Number of protein chains: 8
Amino acid sequence: MADRPVEVGIILGSASDWPVMEPAAALLTDWGVGVEVLVASAHRSPRRVEEYVREAAARGIKVLIAAAGHAAHLAGVVAAHTTLPVVGVPIPSSDLQGLDSLLAMVQMPPGVPVATMAIGAAGARNAAIFAAQVLALGDDRVRQRLERHKEEQAAGVAKQQEKIPPEYHPAS
Amino acid sequence: MADRPVEVGIILGSASDWPVMEPAAALLTDWGVGVEVLVASAHRSPRRVEEYVREAAARGIKVLIAAAGHAAHLAGVVAAHTTLPVVGVPIPSSDLQGLDSLLAMVQMPPGVPVATMAIGAAGARNAAIFAAQVLALGDDRVRQRLERHKEEQAAGVAKQQEKIPPEYHPAS
Amino acid sequence: MADRPVEVGIILGSASDWPVMEPAAALLTDWGVGVEVLVASAHRSPRRVEEYVREAAARGIKVLIAAAGHAAHLAGVVAAHTTLPVVGVPIPSSDLQGLDSLLAMVQMPPGVPVATMAIGAAGARNAAIFAAQVLALGDDRVRQRLERHKEEQAAGVAKQQEKIPPEYHPAS
Amino acid sequence: MADRPVEVGIILGSASDWPVMEPAAALLTDWGVGVEVLVASAHRSPRRVEEYVREAAARGIKVLIAAAGHAAHLAGVVAAHTTLPVVGVPIPSSDLQGLDSLLAMVQMPPGVPVATMAIGAAGARNAAIFAAQVLALGDDRVRQRLERHKEEQAAGVAKQQEKIPPEYHPAS
Amino acid sequence: MADRPVEVGIILGSASDWPVMEPAAALLTDWGVGVEVLVASAHRSPRRVEEYVREAAARGIKVLIAAAGHAAHLAGVVAAHTTLPVVGVPIPSSDLQGLDSLLAMVQMPPGVPVATMAIGAAGARNAAIFAAQVLALGDDRVRQRLERHKEEQAAGVAKQQEKIPPEYHPAS
Amino acid sequence: MADRPVEVGIILGSASDWPVMEPAAALLTDWGVGVEVLVASAHRSPRRVEEYVREAAARGIKVLIAAAGHAAHLAGVVAAHTTLPVVGVPIPSSDLQGLDSLLAMVQMPPGVPVATMAIGAAGARNAAIFAAQVLALGDDRVRQRLERHKEEQAAGVAKQQEKIPPEYHPAS
Amino acid sequence: MADRPVEVGIILGSASDWPVMEPAAALLTDWGVGVEVLVASAHRSPRRVEEYVREAAARGIKVLIAAAGHAAHLAGVVAAHTTLPVVGVPIPSSDLQGLDSLLAMVQMPPGVPVATMAIGAAGARNAAIFAAQVLALGDDRVRQRLERHKEEQAAGVAKQQEKIPPEYHPAS
Amino acid sequence: MADRPVEVGIILGSASDWPVMEPAAALLTDWGVGVEVLVASAHRSPRRVEEYVREAAARGIKVLIAAAGHAAHLAGVVAAHTTLPVVGVPIPSSDLQGLDSLLAMVQMPPGVPVATMAIGAAGARNAAIFAAQVLALGDDRVRQRLERHKEEQAAGVAKQQEKIPPEYHPAS
């Protein structure tokens with residue numbers, strides 16, 4: 001990945017969150033956006049989080065994505081140490097299926113925002129797309145990729161019509 | 001406001017959301033960010049929403065903020081029509097105190113992200129700060145304003161110590 | 001299905017909702033009600049939704065059923081574009097088991113109603129029956145089918161008594 | 001009201017629900033739809049409910065609206081005794097702010113649908129509009145009124161723009 | 001069971017609730033209490049419910065237990081037709097895991113009580129014990145059985161200590 | 001009250017619950033049922049609870065009603081010390097509006113039932129009626145009072161019809 | 001307070017939490033426990049939190065109490081920087097009445113515990129008592145104070161009996 | 001375990017809670033803290049609970065951990081009988097996945113605190129660590145073990161980085 005600058009940093013509260021977040025990293029890579037992934041816990045390794053976040057902007061990172069479960073403080077702690085936009089993905093790792101991590105992420109008090117996505121896989125994918133949307137404001141290549149993605153999505157929905165038995169298809 | 005370009009568009013599902021969102025518009029204005037506000041409902045005036053959103057990027061808008069209550073579809077509908085980053089603020093206008101608008105905003109299916117903030121006033125303020133964080137990636141003046149805000153916030157917290165009776169203050 | 005007019009349109013936010021909704025289409029077909037099924041997403045293919053909905057009444061559609069999961073905006077978006085009655089079925093596709101899609105559907109703000117059914121399979125079946133109840137107001141054949149269904153249901157409950165061991169049966 | 005047939009019956013679990021539901025009755029009256037209102041409780045006067053409902057269709061009623069709070073069984077009990085479409089409005093009369101009445105209404109088991117609206121005032125208004133949408137399938141006058149309502153709503157939203165300070169208005 | 005009078009009637013909204021409720025019937029039988037089980041749905045066979053309930057007291061029934069899932073109206077509907085004590089067991093048959101059936105049962109409005117037990121298996125067993133507690137007020141044999149049960153339970157807990165490794169046992 | 005035996009004991013976790021429960025005591029008194037009220041906390045005065053409960057049956061008490069807020073353990077603790085039927089009323093005294101006290105009461109594990117009523121005032125009244133229903137199994141006077149109450153309730157609902165404007169009354 | 005060592009540190013996420021927490025500080029002071037109060041936000045002044053917490057043990061602090069609202073990360077962030085016991089009090093400052101702050105506090109992932117108390121005033125008082133219980137393990141004076149408190153509480157409950165009308169008092 | 005004094009008592013409401021709590025006992029044992037485990041139910045064997053708890057302090061116990069599911073009263077009942085610190089672990093044994101046991105534990109009314117941990121496995125582990133944190137105030141060996149644990153945790157997080165594919169690793 002040496003041939004493109006890393007602009008998105010993904011921070012995982014635990015390596016066990018990787019299977020949920022891997023598609024986000026892959027999508028950004030696939031779209032030509034440089035991405036790196038750090039495992040660092042707001043509770044078990046706060047210094048590791050802080051050091052990474054405080055240097056992120058200087059290293060060229062433009063968007064930070066934080067994924068965590070249970071009482072998910074990671075995104076808020078990340079946001080406490082930077083003025084970069086921080087995107088949060090609640091991971092459904094507890095018995096409450098992510099409702100706890102969602103509320104612990106989205107209900108940030110005034111002053112330190114976290115852009116919260118849906119719980120789990122949907123949120124992981126959307127965090128990557130949202131990061132691309134932010135980067136696209138200053139990067140035409142990414143903007144064009146997003147526009148293509150929007151067209152592909154619409155076409156993909158139309159194509160899903162094939163999975164419905166033909167006798168139910170609307171007459172065209 | 002003619003002397004600076006409008007870069008943030010705030011869309012309200014109803015004018016009754018204005019008291020909650022007005023501080024967001026004021027903060028952005030105060031920070032030198034051009035902002036405009038449109039009342040447009042995803043359900044009652046979908047065409048008005050679509051027309052505004054589809055032209056937003058061409059008019060120079062870089063971030064869209066959508067605020068709505070009840071089953072808050074506005075942010076998702078806005079995001080359906082643009083690749084600009086969309087920030088959502090759930091308004092607690094129903095009997096369920098915003099839990100409905102929060103879930104209707106944050107639980108977006110994969111493909112079309114909405115960066116969701118906290119319910120109500122906290123979310124309104126954070127939406128403005130988050131929009132500034134996105135703009136700051138390409139605007140040093142806003143970035144500096146954000147850094148000053150971060151310092152002011154920390155100083156403000158320290159200053160709140162004065163509201164605690166002196167006999168309880170930690171010995172320095 | 002050329003031999004009867006299509007009066008119910010079912011819109012799915014994703015083809016993955018088809019297994020939940022297929023029994024609804026089958027019930028209507030079985031009762032002699034013409035039904036068609038469109039896959040169209042409020043977020044990924046909003047134009048496809050709008051075009052279908054705007055032409056529905058003119059094509060003879062009398063009731064629209066919309067099924068979607070996560071932040072389920074589909075039914076509300078459909079209702080925004082028509083004055084036909086719109087029935088919503090929340091699909092439990094997210095980690096929150098449909099509570100998100102239920103609230104995102106049922107808590108519509110005043111002005112644009114969505115007739116919301118139960119989450120998942122129960123809601124799918126009831127959406128079909130409800131559509132038939134609406135059609136029955138102007139269609140005696142459907143009304144008679146509904147009345148037979150009501151009798152069959154009562155008889156079916158009585159017949160379930162056989163699954164209880166005889167020693168527990170009330171003395172008649 | 002002798003000059004138009006009653007086509008919508010509103011059933012209230014308690015007269016204390018009347019302030020929430022009165023606007024629904026008024027809207028239907030205003031739109032030229034005949035409406036009548038019965039106070040009858042599923043628990044305290046089940047016979048009164050049953051007698052009214054069983055005769056409703058024969059008396060020309062086409063849509064029944066049931067409003068109730070707490071464990072709101074009224075709509076389900078109404079639906080048990082008729083094949084007319086039944087619309088439910090959960091009333092937030094308990095300490096749980098209508099979440100109990102919502103779930104008790106919308107989560108109907110398969111076989112007996114209740115078309116559930118939002119909790120409280122929004123749901124009351126939407127129940128009336130939805131009833132009109134059903135009637136409009138066989139009544140052009142009501143259909144035209146609905147279409148005008150849709151246009152008025154869109155215009156009303158645009159007019160709400162006036163409540164936003166002019167300096168925030170988008171440049172036209 | 002001809003040799004003892006039936007004093008407890010269990011009503012199931014569906015035969016699919018039988019596996020959850022069978023242990024309740026078995027416990028009562030085992031304790032020498034006559035019990036009978038009826039499948040009858042508040043929505044699909046309201047007449048069957050009403051007829052059974054209205055005759056129950058005259059047939060010697062002293063306690064009615066009603067089990068149902070989804071929007072569980074059965075217990076409330078039973079209570080509407082009798083002054084016998086009615087015990088409710090919410091069945092977790094929907095996607096909301098019984099929260100809907102719990103709230104639909106326990107939140108009865110004033111005037112018509114339902115004695116609600118826990119969701120599912122725990123509630124089924126407790127409904128049987130509670131019915132026995134009511135009968136025991138007038139039946140010494142059942143009262144003695146309950147007292148023995150209380151002692152057996154305490155002894156059973158003490159015996160469970162054996163499942164803990166001995167090295168963790170408190171020194172006696 | 002010396003002229004009738006006390007058969008119902010109401011236990012309050014705090015005297016602050018008295019305004020909610022007073023109508024329950026008054027209803028029972030009014031119906032000629034002897035009732036007594038004890039303030040005793042499961043947490044702050046467990047011995048007081050235990051002593052009262054252990055002697056209750058011997059003193060002629062037949063039904064115990066326990067009302068408590070927050071993590072409402074009182075009813076469960078009462079039930080642990082007796083085989084009398086225990087009725088629970090969740091009091092909405094915390095920030096969670098009684099959802100905590102409801103779940104802490106109704107979700108009793110298998111073996112020790114608590115007959116749980118609705119949160120707050122509705123539950124208080126219903127606890128009294130339910131206690132009467134239990135007593136009525138062995139007391140014809142109470143049974144007759146209950147039957148009269150059922151008739152009065154039905155009549156009361158019919159009388160509420162007067163609160164609806166006459167132009168909305170169904171044609172008789 | 002110079003005459004006794006400070007052993008409990010209370011950290012508030014905002015001075016607006018002081019009215020809720022003041023009784024906790026007062027109770028500890030009243031019981032002869034040295035207490036200090038710091039306003040410091042996990043998000044707005046993370047360095048202030050960290051510096052205070054890292055030096056707390058060396059300064060003689062034995063228990064830390066953290067109170068915060070919304071997505072309440074403060075207690076978890078405090079616990080990340082110390083091995084002292086950390087007690088958390090969720091403050092109901094958002095529209096969700098403290099459910100968000102409760103889940104954000106109590107659902108800590110494995111490794112870094114936060115001893116969570118009830119939402120709001122009850123939790124504030126209990127945090128102080130719990131801190132005293134921890135200190136009492138090594139401080140007989142505090143232990144005796146706690147035992148007296150337990151007796152006073154039991155006596156206080158008994159005294160509340162006076163608030164019940166005498167005609168309802170159990171015969172002694 | 002005769003060679004070290006028992007300082008932590010774990011009470012389980014049922015032996016079925018042992019698989020969840022066993023790691024807590026093992027961690028304490030591993031850290032050289034004497035621990036014992038009692039199965040005792042607040043509802044089924046209240047006397048067994050009370051006797052154990054009332055003697056605990058005299059036997060040298062310093063911290064009590066109580067684990068229970070459903071309407072989890074155990075921790076509160078334990079706290080009612082002692083001034084020792086009581087730690088609670090909600091067990092997700094009901095259909096509500098531990099939300100009921102969490103609220104029944106954490107929402108203790110003022111006067112009798114329970115230090116509540118997360119639902120299930122995370123809470124079990126944290127209860128053990130928290131007990132060690134309390135003991136460490138008077139036991140340097142445990143304090144050192146805790147500090148080592150904190151370092152090991154931070155190192156463990158850093159080591160988890162290996163589970164991320166190298167191409168995603170931040171450039172050092």
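As the structure is a prediction and not an experimental result, all values here were calculated from the model. Residue numbers begin at 1 in each chain, while the letters A, B, ... track the order of the sequences. Side chains included, hydrogens not; waters and symmetry mates left out as well; all remaining heavy atoms used.
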request  = Any chance you could lay out the side chain to side chain contact (heavy atoms under 4.5 Å, CB included) test for G:V6 and G:V35, step after step, and finish with the verdict?
outcome  = CA-CA 5 Å; G:V6 170; G:V35 59; 5.6 Å; no
request  = Report the C-alpha separation of G:R141 and G:W31 in whole Å, then their side-chain angles, then the decisive distance to 0.1 Å, and conclude whether the side chain to side chain contact (heavy atoms under 4.5 Å, CB included) test is met.
outcome  = CA-CA 9 Å; G:R141 199 173 36 97; G:W31 288 10; over 6 Å; no
task = Give the C-alpha distance, both sets of side-chain angles, the deciding distance and a yes or no for side chain to side chain contact (heavy atoms under 4.5 Å, CB included) between G:T29 and G:R4.
result = CA-CA 10 Å; G:T29 301; G:R4 66 185 165 220; 3.0 Å; yes
task = Apply side chain to side chain contact (heavy atoms under 4.5 Å, CB included) to G:V39 and G:W18, showing your working.
result = CA-CA 9 Å; G:V39 182; G:W18 178 236; over 6 Å; no
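In this structure, no portion of H:A57 lies under 4.5 Å from any heavy atom of chain G. Only the backbone of H:A79 comes within less than 4.5 Å of a heavy atom in chain G; its side chain stays farther off. Heavy atoms closer than 4.5 Å to chain G are found in the side chain of H:L103, but not in its backbone. For G:P85, the parts lying near chain H are the backbone and the side chain together; criterion is any non-hydrogen pair under 4.5 Å. In this structure, no portion of G:A154 lies under 4.5 Å from any heavy atom of chain H. Contacts between G:A80 and chain H at a heavy-atom distance below 4.5 Å involve the backbone alone (N, CA, C, O). Within the 4.5 angstrom heavy-atom criterion, only side-chain atoms of H:Q153, from C-beta onward, approach chain G.
In terms of heavy-atom pairs under 4.5 angstrom with chain G, the leader among H:K62, H:M108, H:K150 is H:K150. The candidate from H:M117, H:E147, H:M105, H:R143 with the greatest count of non-hydrogen atom pairs under 4.5 Å with chain G is H:M117. Annotation: maximal heavy-atom pairing with chain G below 4.5 Å, among H:V114, H:I119, H:V63, occurs at H:I119.
Looking at G:R59 and G:E7, no side-chain N of the basic residue comes within less than 4.0 Å of a carboxylate O on the acidic one, giving no salt bridge. A salt bridge between H:K159 and H:E162 is present, with a side-chain N of the basic residue lying under 4.0 Å from a carboxylate O of the acidic one.
Taken to the nearest 0.5 Å, the CD atom of G:E51 stands 10.0 Å off from the OG atom of G:S45.
Residues H:V49 and H:P46 have side chains not in contact (no heavy-atom distance under 4.5 Å, counting atoms from C-beta outward). Looking at heavy atoms from C-beta onward, H:L12 lies in side-chain contact with H:M21 at the 4.5 angstrom threshold. Side-chain contact between G:R148 and G:Q144: absent, with no pair of heavy atoms (C-beta onward) separated by less than 4.5 Å.
Counted by atom type alone, H:E36 and H:Y52 present one or more donor-acceptor pairs between their side chains at under 3.5 Å.
Within residues 125-140 of chain G, the residues approaching chain H closer than 4.5 Å by heavy atoms are, in numerical order, G:R125, G:N126, G:I129, G:F130, G:Q133, G:V134, G:L137. Scanning residues 86-102 of chain H against chain G with a 4.5 Å heavy-atom cutoff picks out H:V86, H:L102, ordered by number.
Counting all heavy atoms, side chain and backbone alike, G:I11 lies closest to G:L74 at O-CD2, 3.7 Å.
For H:R48 (side chain) and H:L38 (main-chain N/O), no donor-acceptor pair under 3.5 Å exists by modelled atom type. Between the side chain of G:H73 and the main chain of G:A104, no donor-acceptor pair closer than 3.5 Å is present.
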